Amino acid sequence: MTFDIGVNGRNRLVSVERVAAGRYRVVVDGRPHDVDAARVGSFGLSLLLDGDSGVSREVQVAPAGGPGEMLVRIDGRTVTVLVNGHRTVRAAADGGTLARGKQAVVAPMPGRVVRVLVAAGDVVTVRQAVVVVEAMKMENELRSPKAGRVKEVAVAAGASVEAGRVLVVIE
């Protein structure tokens, strides 16, 4: 499978081919890598890059606010990644009208709600920050996947949340 992935405003072409159980051939912008992968918990992966001489990394991947948007935590840093970013960028460029119906902003990993930035009835724009969740001593600003009106705020500041819990609903 081939993906167009946006990381920090830079697009990368990533191809992933399964070669055996838990082993993958990953090509990033033309550079091949052999990767051993094992799932650790709900959102975690243990990756061993380039075989025995490679580097081992603990990676957490969780869904974020919008379609194709993921939060990736690696080496103590959390970055937002857009999978098939060109389609996502076009959706954002039209003001978020391609995201139809209700859209939920969910907790990407277990944590604590630090701030709720919107209230029910508020009008929000695409990618506007709506809630801040602290996880693993880092604050993650979660954004609206579309322009619309806040239908429901399901949490309050100080609440503990589990991964996948609905925090805010946008219609």
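Just so it is clear, the model here is predicted, and its values are computed rather than measured.
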Student: Kindly compute the distance separating CG (Leu71) from OG1 (Thr80), expressed to the nearest 0.5 Å.
Tutor: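 The OG1 atom of Thr80 is 5.0 Å from CG of Leu71, to the nearest 0.5 Å.
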Student: Determine, using the 4.5 Å side-chain heavy-atom cutoff (strictly less than), whether Val132 and Val153 are members of one ILVMFWY cluster.
Tutor: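 Val132 does not cluster with Val153.
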Student: Who pairs with Arg31 by side chain to side chain contact (heavy atoms under 4.5 Å, CB included), at least two apart in sequence or on another chain?
Tutor: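 Only His33 meet the side chain to side chain contact (heavy atoms under 4.5 Å, CB included) criterion with Arg31.
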Student: Taking the side chain as every heavy atom from C-beta outward, state whether Val26 and Val14 have any atom pair closer than 4.5 Å.
Tutor: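 Sidechains of Val14 and Val26: in contact.
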Student: Do Thr125 and Lys146 have side chains that get closer than 4.5 Å, going by heavy atoms?
Tutor: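 Side-chain contact under 4.5 Å: no.
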Student: Do the side chains of Asp34 and Arg23 get close enough for a salt bridge, i.e. N-O under 4.0 angstrom?
Tutor: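 Not counted as a salt bridge, because no side-chain N and carboxylate O are separated by less than 4.0 Å.
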Student: CG/Leu13 to CD1/Ile5 distance, rounded to the nearest 0.5 angstrom?
Tutor: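 If I round to the nearest 0.5 Å, the distance is 9.0 Å.
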Student: In the single-linkage hydrophobic clustering (I, L, V, M, F, W, Y; side-chain heavy atoms under 4.5 Å), do Val131 and Leu117 co-cluster?
Tutor: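 Result: no, two separate clusters.
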Student: Is any side-chain heavy atom of Asp36 less than 4.5 Å from a side-chain heavy atom of Leu47?
Tutor: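 No. Closest side-chain heavy atoms not under 4.5 Å.
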Student: Run the side chain to side chain contact (heavy atoms under 4.5 Å, CB included) test on Leu48 and Val35 for me, step by step, so that the C-alpha distance in whole Å, both residues' side-chain angles and the decisive distance to 0.1 Å come before the verdict.
Tutor: CA-CA 6 Å; Leu48 180 61; Val35 179; over 6 Å; no
Student: Would you say Ser144 and Arg127 make side-chain contact, with heavy atoms under 4.5 Å?
Tutor: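 Side chain of Ser144 against side chain of Arg127, heavy atoms only: no contact under 4.5 Å found.
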Student: Could you pull out the closest heavy-atom pair between Ala135 and Pro110, with the gap in Å?
Tutor: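 Closest pair (atom of Ala135, atom of Pro110, distance): CB-O, 3.4 Å.
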Student: Within this structure, what is the CZ-CE distance for the pair Arg77 and Met138, rounded to the nearest 0.5 Å?
Tutor: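 The distance works out to 8.5 Å.
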Student: Please name all residues satisfying side-chain hydrogen bond (donor to acceptor under 3.5 Å, both in side chains) with Arg165, sequence neighbours left out, ordered by chain then number.
Tutor: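 Arg165: no side-chain hydrogen bond (donor to acceptor under 3.5 Å, both in side chains) contacts found.
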Student: Under 4.5 Å between side-chain heavy atoms, hopping through other hydrophobics if needed: is there a path connecting Val123 to Val130?
Tutor: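 No: no chain of side-chain contacts under 4.5 Å links Val123 to Val130.
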Student: Quick one: side-chain hydrogen bond (donor to acceptor under 3.5 Å, both in side chains) partners of Arg12, sequence neighbours excluded?
Tutor: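 Asp29.
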Student: Give a yes or no on whether the backbone of Gly121 and the side-chain of Arg149 come within a donor-acceptor separation of less than 3.5 Å.
Tutor: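 Yes, Arg149 side chain to Gly121 backbone: donor-acceptor pair under 3.5 Å.
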Student: Test Val169 against Val150 for side chain to side chain contact (heavy atoms under 4.5 Å, CB included), laying out the working first.
Tutor: CA-CA 6 Å; Val169 176; Val150 177; over 6 Å; no
Student: Can you measure from CG (Leu142) to CG (Leu167) and round to the nearest 0.5 angstrom?
Tutor: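 It comes to 6.5 Å.
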Student: Taking salt bridge (charged side-chain N to carboxylate O under 4.0 Å, His left out) as the cut-off, I'd like each qualifying pair that reaches into residues 128-145, sequence neighbours left out, listed once.
Tutor: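 Passing the test, one end in residues 128-145: Arg112-Glu134, Arg115-Glu139, Glu141-Arg143.
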Student: Applying side chain to side chain contact (heavy atoms under 4.5 Å, CB included) to Val105 and Gln103, what does each step give before you reach the verdict?
Tutor: CA-CA 7 Å; Val105 177; Gln103 299 284 315; over 6 Å; no
Student: So, using side-chain hydrogen bond (donor to acceptor under 3.5 Å, both in side chains) as the criterion, who are the partners of Thr78 when residues are at least two apart?
Tutor: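 Counting only residues at least two positions away or on another chain, Thr78 forms a side-chain hydrogen bond (donor to acceptor under 3.5 Å, both in side chains) with Arg73.
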Student: Does Tyr24 belong to the same Ile/Leu/Val/Met/Phe/Trp/Tyr cluster as Val59, with side-chain heavy atoms less than 4.5 Å apart forming each link?
Tutor: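 Cluster IDs for Tyr24 and Val59 match.
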Student: Please answer: with hydrophobic residues joined when any side-chain heavy atoms are less than 4.5 Å apart, are Val16 and Val83 in the same cluster?
Tutor: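 Result: yes, single cluster for both.
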Student: Using the test side chain to side chain contact (heavy atoms under 4.5 Å, CB included), find all partners of Ala154 that sit at least two apart in sequence or belong to another chain.
Tutor: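 With sequence neighbours excluded, Ala154 shows a side chain to side chain contact (heavy atoms under 4.5 Å, CB included) to Glu152, given in chain and number order.
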Student: Given side chain to side chain contact (heavy atoms under 4.5 Å, CB included), test Val166 with Val168 step by step and report yes or no.
Tutor: CA-CA 6 Å; Val166 174; Val168 176; over 6 Å; no
Student: May I ask you to test the Val161-Val155 pair for a side-chain heavy-atom distance under 4.5 Å?
Tutor: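 Side-chain contact under 4.5 Å: yes.
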